Amino acid sequence: MAKLKRLLITGAAGALGSQARRHLAGLAEEIRLSDLVAVDGLAANEEFVAADLGDATALRDLVDGCDAVAHFGGVSTEKSFDLIERGNIRGVYNLYEAARVTGRPRIFLASSNHAIGFYRTDERLDAFAAPMADGLYGASKVYGEQLALVYWKKFGIETARVRIGSCFPRPRNRRMLSTWLSYRDLFALVERCFIVPRLGCPVIYGVSQTRSGWWDNSHVAYLGWEPQDTSEVWRAELEASEPQGAVDAPDALYQGGMFTAEPIHQE
Ligand code: NAI
Ligand code: 15L
C-alpha cells in the first residue's frame, strides 16, 4: 500500500485523536498532530503544531503540505453556541478554506449521529435521509457536512462525511448496542477512505455490526469497508445490568438519545 506523505490529525489530544495516533501510525510517512492542548510522547515521524480551529491563518499553515486530513478536532458534545461556533462552524470553514488554497487534501470529517438524532428509533436511514439535528452540536455537524459538499462540488475536494455513532472501547448503555463503533472499525474506515482511488463526498454511518439496522451503508460498498466488531458481545451484560427504560424516554424514542433532551447551553 502506498503511504500518504503527510497526514494531519486534528483533535490529536482528544479521545479519538489519541487513538488515531496509535491506529494510523503506519499510514503516512509523516504525521502532523494538532490541538489546542499539547500531546505527549511524539514518535519519530510525528510533529505537533498547536492551533485553534477558529484561527484562519493558523489553519492555513497547518494544512499546507498535507495530502490528507483526519479531522477529529472541535466541540464533541452539546455546548454553548460560542464554543460550537468557534470549533465546528468557523473551524470547519477555516479547514476547507485552508484545503482550497493549499494542496486540496482528502478529508475524513468526523460528523456525528446527532446530525440525524431526532429520527425515531423505529426509522431506518440511508445516506440520503434529510438531516434532523438534535441540538446546536448536531446542527453544527449538518453544517460541516454541507460545507464539505460545497467544496467537493466547487473545488473537487474529496471528503468522507462520517456520522460516527458512539466510538468508545465498548458500548456504555443499551442505546449504544445500536450505535457503537469500535476503534478497530473506525480506523479501518479512515484507512479505506484515504487509500481508495476515488472517494467522492459520501455520507457514511460510522457503526460496527449491530442487529438494530438503523443505518444503511450499502451505497458505500465501493470503499471495501466491512466492520469486524459487533455490539452483540455486550448485549446480555448490558440488558442484565441496565433496567429497561420507559417507552417514552429519549433513549427509547430517538436515535440521538439523551442529546434530544439537552437544553440550549449558555456557557
Ligand atoms: P474530544 O472532545 O475528546 O476531542 C476533541 C478535541 O478537539 C479536543 O482535544 C479539543 O481540545 C479539540 N478542540 C476543541 N475545540 C477546538 C478548537 N477550537 N481548536 C482546536 N482544537 C479544538 O472528542 P472525541 O470523542 O475525540 O471526538 C472527535 C470528533 O469525533 C469530534 O468532532 C466529535 O464530534 C466526533 N464524534 C465523536 C464520537 C465519539 O463517540 N467519540 C461520536 C460522534 C462524533
Ligand atoms: C457524539 O457525537 C459524541 O461526540 C460522543 O461523545 C457520544 O456522546 C456519541 O455522539 C453518542 O451519540 O453516543
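Small disclaimer: the values here were computed from a predicted structure and weren't measured. All ligand and atom numbering here is 1-based and tracks the order in the structure. Scope of the values below: all heavy atoms of this structure, side chains included, with no hydrogens, waters or symmetry mates.
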*Which atoms of ligand 1 have any heavy atom of S166 under 4.0 Å away?*
40 (O)
_Identity and distance of the protein heavy atom lying nearest atom 3 (C) of ligand 2_ = S76 O, 3.1 Å
*Considering distance alone, does some N or O of G14 sit under 3.5 Å from an N or O of ligand 1?*
yes
*Proximity of K141 to ligand 1 by residue part, where a heavy atom lies under 4.0 Å*: side chain
*salt_bridge(R90, E85) N-O dist < 4.0 Å*: yes
*Show your working on ring pair (Phe, Tyr, Trp, His ring centres under 6.0 Å) between H219 and F128 and close with a plain yes or no.*
CA-CA 10 Å; H219 62 289; F128 309 102; 5.6 Å; yes
*Are any of the N or O atoms of I164 closer than 3.5 Å to those of ligand 1?*
no
*Within the structure, does V37 bring an N/O atom to less than 3.5 angstrom of an N/O atom in ligand 1?*
no
*asked:* Would R172 and F168 count as a cation-pi pair here, with the cationic atom under 6.0 angstrom from the ring centre and within 45° of the axis?
replied: yes
*Test V196 against every option in E158, E191, R106 by the side-chain contact (heavy atoms from CB on, under 4.5 Å) rule and name the one that passes.*
R106
*asked:* Under 4.0 Å from a heavy atom of F168: which atoms of ligand 1 are those, numbered in the order shown and with their elements?
replied: 40 (O)
_Taking distance alone, with N or O pairs closer than 3.5 Å, would you say G74 contacts ligand 1?_
yes
*Same apolar cluster: V162 and L27, side chain cutoff 4.5 Å*: yes
*asked:* Whether R120 and E123 form a salt bridge (side-chain N of Lys/Arg under 4.0 Å from carboxylate O of Asp/Glu) is what I want to check.
replied: no
*Between N113 and ligand 2, find which residue part has any heavy-atom pair under 4.0 Å and reply side chain, backbone, both or neither.*
side chain
_Within-cut-off N or O pair, D52 and ligand 1, under 3.5 Å_ = yes
*ligand 1 N/O within reach of L53 N/O, cut-off under 3.5 Å*: yes
*With heavy atoms of S111 as the reference, note each atom of ligand 1 found under 4.0 Å away.*
43 (C), 44 (C)
*Salt bridge flag under 4.0 Å for residues R211 and E232*: yes
*Classify the ring geometry between Y137 and H114 as parallel (under 30°), tilted (30 to 60°) or perpendicular (over 60°).*
tilted
*Going by the atom numbers of ligand 1, which of them fall below 4.0 Å from some non-hydrogen atom of G11?*
6 (C), 7 (O)
_Numbering as shown, the atoms of ligand 2 that approach S112 to under 4.0 Å (heavy-atom distance)_ = 1 (C), 2 (O)
*Out of curiosity, is M176 lining ligand 2, as in a heavy atom under 4.0 Å away?*
yes
*Heavy-atom distance under 4.5 Å between the side chains of R6 and R32, does that happen here?*
yes
*Atom indices of ligand 1, in the order listed, that fall short of 4.0 Å to a heavy atom of G73*: 7 (O)
_Can you confirm, on distance only, whether ligand 1 has an N/O atom lying under 3.5 Å from any N/O atom belonging to D35?_
yes
*Hey, which atoms in ligand 1 end up nearer than 4.0 Å to a heavy atom of A51?*
19 (N), 20 (C)
*State whether E29 and K3 are salt-bridged, where the test is any N-O pair (Lys NZ or Arg NE/NH1/NH2 against Asp/Glu carboxylate O) under 4.0 Å.*
no
_Counting only nitrogen or oxygen atoms and a 3.5 angstrom limit, does S76 reach ligand 1?_
yes
*Examine Y93 together with Y143 and report whether their ring centres are nearer than 6.0 Å.*
no
*asked:* Judged on heavy-atom distance to atom 30 (O) of ligand 1, which of A110, G17, G87 sits nearest?
replied: A110
*Look at atom 16 (C) of ligand 1 and say which protein heavy atom is nearest, naming residue and atom and giving the distance to 0.1 Å.*
L36 CD1, 3.6 Å
*asked:* Salt bridge or not between D67 and K5? Use side-chain N to carboxylate O under 4.0 Å.
replied: no
